[in-house]
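Side chains included, hydrogens not; waters and symmetry mates left out as well; all remaining heavy atoms used. Proteins get letters first, then strands, A, B, ... in listed order; numbering begins at 1 in each.
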Number of protein chains: 2
Amino acid sequence: MDRFKDVLKASNLKSTHQRLAILDCIDMFGHIDVDTLYEAILRKYPTMSKATLYRNINDLISFHILEEVKLPNQKQQYEIKKVPHIHLLCTHCGCVEDVFVETKTLLDAVKDKSGFTISNSFIVMNGTCELCSSQVISNNTQNTCSLEMQTL
Amino acid sequence: MDRFKDVLKASNLKSTHQRLAILDCIDMFGHIDVDTLYEAILRKYPTMSKATLYRNINDLISFHILEEVKLPNQKQQYEIKKVPHIHLLCTHCGCVEDVFVETKTLLDAVKDKSGFTISNSFIVMNGTCELCSSQVISNNTQNTCSLEMQTL
DNA sequence: AATAAATAGGATAATTAATATCTTATTAAG
DNA sequence: CTTAATAAGATATTAATTATCCTATTTATT
């Protein structure tokens, strides 16, 4: 069940309920900002302090367990660190999708042109997701592609 | 001299000294965060209020004259809006370079795989710039590739 | 299981960042 | 030069983030 226990242990971090809740919740949402995360966690742990949330997010990032996701015109979001991938932000419904596509060709081109040694890339694309495209979206209708959290 | 006067006029925005200073300064630095920008502008306009800076940054963004630049592990930066390009962040000296490389192939691949209609892409790469690569950088030595502002 | 050391959590205060409000000043058009 | 529109500055307010300090929990060891 608690695969994140092992992840924490590997970094010599204690498996507190709060940390596991944070990780499970982020994992479930895929991508989430601090406030939404806090709200969601409060339902399960009404006593969790916001300081604890901020502290843990920062700690988990410094141990490379979490990763920040910076999206244009959006609050900072976080995700479980995984293999490199591209983020797609639907500007209609706000959902964020991951897509795994080969980027080596682009990185090589950039390297050649700039002289930079590239170690990492962060790619975000704006657009319209398949669901939103398939519907005629009225001005005040919004899809909600993002998961609701069922159980923590 | 003041090419930004025309830019402002085109959006029916008044050419105040403050706005021109903000635009000139961002243009000179290329990429800059709010605090550095404020500091730099204070040298020329010691009376400029921070509220004015924030207000103008937001206004200029909404008129697509400025654009936010989100870099990993960095404070939010801003640049003059230009044609789409890739940002390279040197993790040694902190400098940010623009590089103009064809991305259509990647966008098409992402589109095919995801079903998203892509309207915009934001690409940042981390790495080591040419100057830093060419030097043996000791732990506490940092290049300063970023411009110092000479005249505003 | 009980104990103890290390570490993390919670509450709160403090700091920092960003925005809103209101009055005065500046811009730009006539 | 005058005037209407808009922007600036000062300040207050709100929001976001971090620091501090004391208590609680975890985990290794007996």
Side-chain angles (χ1 to χ4, degrees), chain A residues 1-2 4-25 32-63 65-66 68-78 152, chain B residues 1-2 4-26 32-63 65-66 68-71 73-78 152:
Chain A
M1 178 67 212
D2 268 333
F4 288 118
K5 277 196 172 175
D6 300 326
V7 174
L8 291 170
K9 186 155 208 171
S11 293
N12 273 309
L13 294 170
K14 293 189 172 171
S15 285
T16 63
H17 298 134
Q18 291 88 340
R19 279 186 184 147
L20 293 171
I22 291 168
L23 289 169
D24 282 340
C25 191
I32 193 167
D33 64 89
V34 175
D35 288 330
T36 312
L37 180 57
Y38 186 56
E39 235 182 278
I41 288 179
L42 275 188
R43 287 182 210 150
K44 185 79 187 229
Y45 290 98
T47 68
M48 155 102 67
S49 161
K50 209 159 194 179
T52 299
L53 181 56
Y54 275 110
R55 196 183 325 112
N56 275 309
I57 287 177
N58 291 335
D59 292 351
L60 293 169
I61 286 174
S62 68
F63 279 99
I65 296 169
L66 288 183
E68 52 172 34
V69 184
K70 298 195 170 192
L71 305 168
N73 308 114
Q74 300 274 122
K75 286 199 277 185
Q76 171 109 352
Q77 304 208 11
Y78 301 93
L152 198 58
Chain B
M1 178 68 215
D2 268 334
F4 289 117
K5 277 195 173 176
D6 300 326
V7 174
L8 291 170
K9 185 155 208 171
S11 294
N12 275 310
L13 294 170
K14 293 190 173 173
S15 286
T16 64
H17 297 134
Q18 293 86 341
R19 279 184 184 150
L20 293 171
I22 290 168
L23 289 169
D24 282 341
C25 191
I26 295 178
I32 193 167
D33 65 89
V34 174
D35 288 331
T36 313
L37 180 57
Y38 186 56
E39 237 182 275
I41 288 179
L42 275 187
R43 288 182 209 150
K44 185 80 188 228
Y45 290 98
T47 67
M48 154 103 66
S49 160
K50 209 159 193 181
T52 299
L53 181 56
Y54 276 110
R55 196 184 324 111
N56 274 308
I57 286 176
N58 290 335
D59 292 350
L60 292 169
I61 285 175
S62 68
F63 279 98
I65 295 169
L66 289 183
E68 53 173 33
V69 183
K70 299 196 170 191
L71 305 168
N73 308 114
Q74 300 274 122
K75 285 199 279 187
Q76 170 110 352
Q77 304 207 11
Y78 301 92
L152 198 57

Any V7(B) side-chain heavy atom under 4.5 Å of L23(B) side chain: no

Residue pair Y78(A) / L37(A), side-chain heavy-atom distance below 4.5 Å: no

N/O contacts under 3.5 Å, protein versus nucleotides 4-6 of chain D?
from   : atom 1 : to     : atom 2 : distance (Å)
dA5(D) : N3     : K14(B) : NZ     : 2.9
dT6(D) : O4'    : K14(B) : NZ     : 3.3

Kindly compute the distance separating [atom1] ([X]) from [atom2] ([Y]), expressed to the nearest 0.5 Å.
X      : Y      : atom1 : atom2 : result
L42(B) : S49(B) : CG    : OG    : 9.5 Å
T47(A) : Q18(A) : OG1   : CD    : 6.5 Å
T16(B) : M48(B) : OG1   : CE    : 7.5 Å

Donor-acceptor contact below 3.5 Å, side chain K70(A) vs main chain L71(B): yes

Nearest-Å distance for atom pair CG/P, residues D33(A) and dA16(D): 10 Å

Distance in angstrom units between D35(A) CG and dA15(D) C1', rounded: 9 Å

Is there a side-chain contact between [X] and the phosphate of [N], meaning an N or O under 4.0 Å from OP1 or OP2?
X      : N       : answer
R55(B) : dA8(D)  : yes
H17(B) : dA7(D)  : no
N58(B) : dA18(C) : no
Q18(A) : dG10(C) : yes
T16(A) : dG9(C)  : yes

Partners passing salt bridge (Lys or Arg N to Asp or Glu O under 4.0 Å) against K14(B) (at least two apart in sequence or in another chain): none

Contacts of Q76(A) that satisfy side-chain hydrogen bond (donor to acceptor under 3.5 Å, both in side chains) - sequence neighbours left out: E68(A)

Inter-end axis angle, the helix from dA1(C)-dT30(D) to dG30(C)-dC1(D), with every axis fitted to five base pairs (rounded, 10 degrees): 40°

Contact residues, residues 46-54 of chain B to DNA chain D [heavy atom, < 4.0 Å]: T47(B), M48(B), S49(B), A51(B), T52(B)

Sugar-phosphate, base or nothing in reach of D59(A), heavy atoms under 4.0 Å: nothing

Other residues, nucleotides, ligands: >12 heavy atoms within 6.0 Å of K50(A) NZ: yes

Anything under 3.5 Å between a donor and an acceptor, one on a side chain of residues 51-59 of chain A, the other on a protein residue two or more places apart or in another chain? List them.
from   : atom 1 : to     : atom 2 : distance (Å)
N56(A) : OD1    : R19(A) : NE     : 2.8
N56(A) : ND2    : T52(A) : O      : 3.1
N58(A) : ND2    : Y54(A) : O      : 3.4

side-chain contact (heavy atoms from CB on, under 4.5 Å) between L20(A) and L8(A), worked out: CA-CA 9 Å; L20(A) 293 171; L8(A) 291 170; 3.9 Å; yes

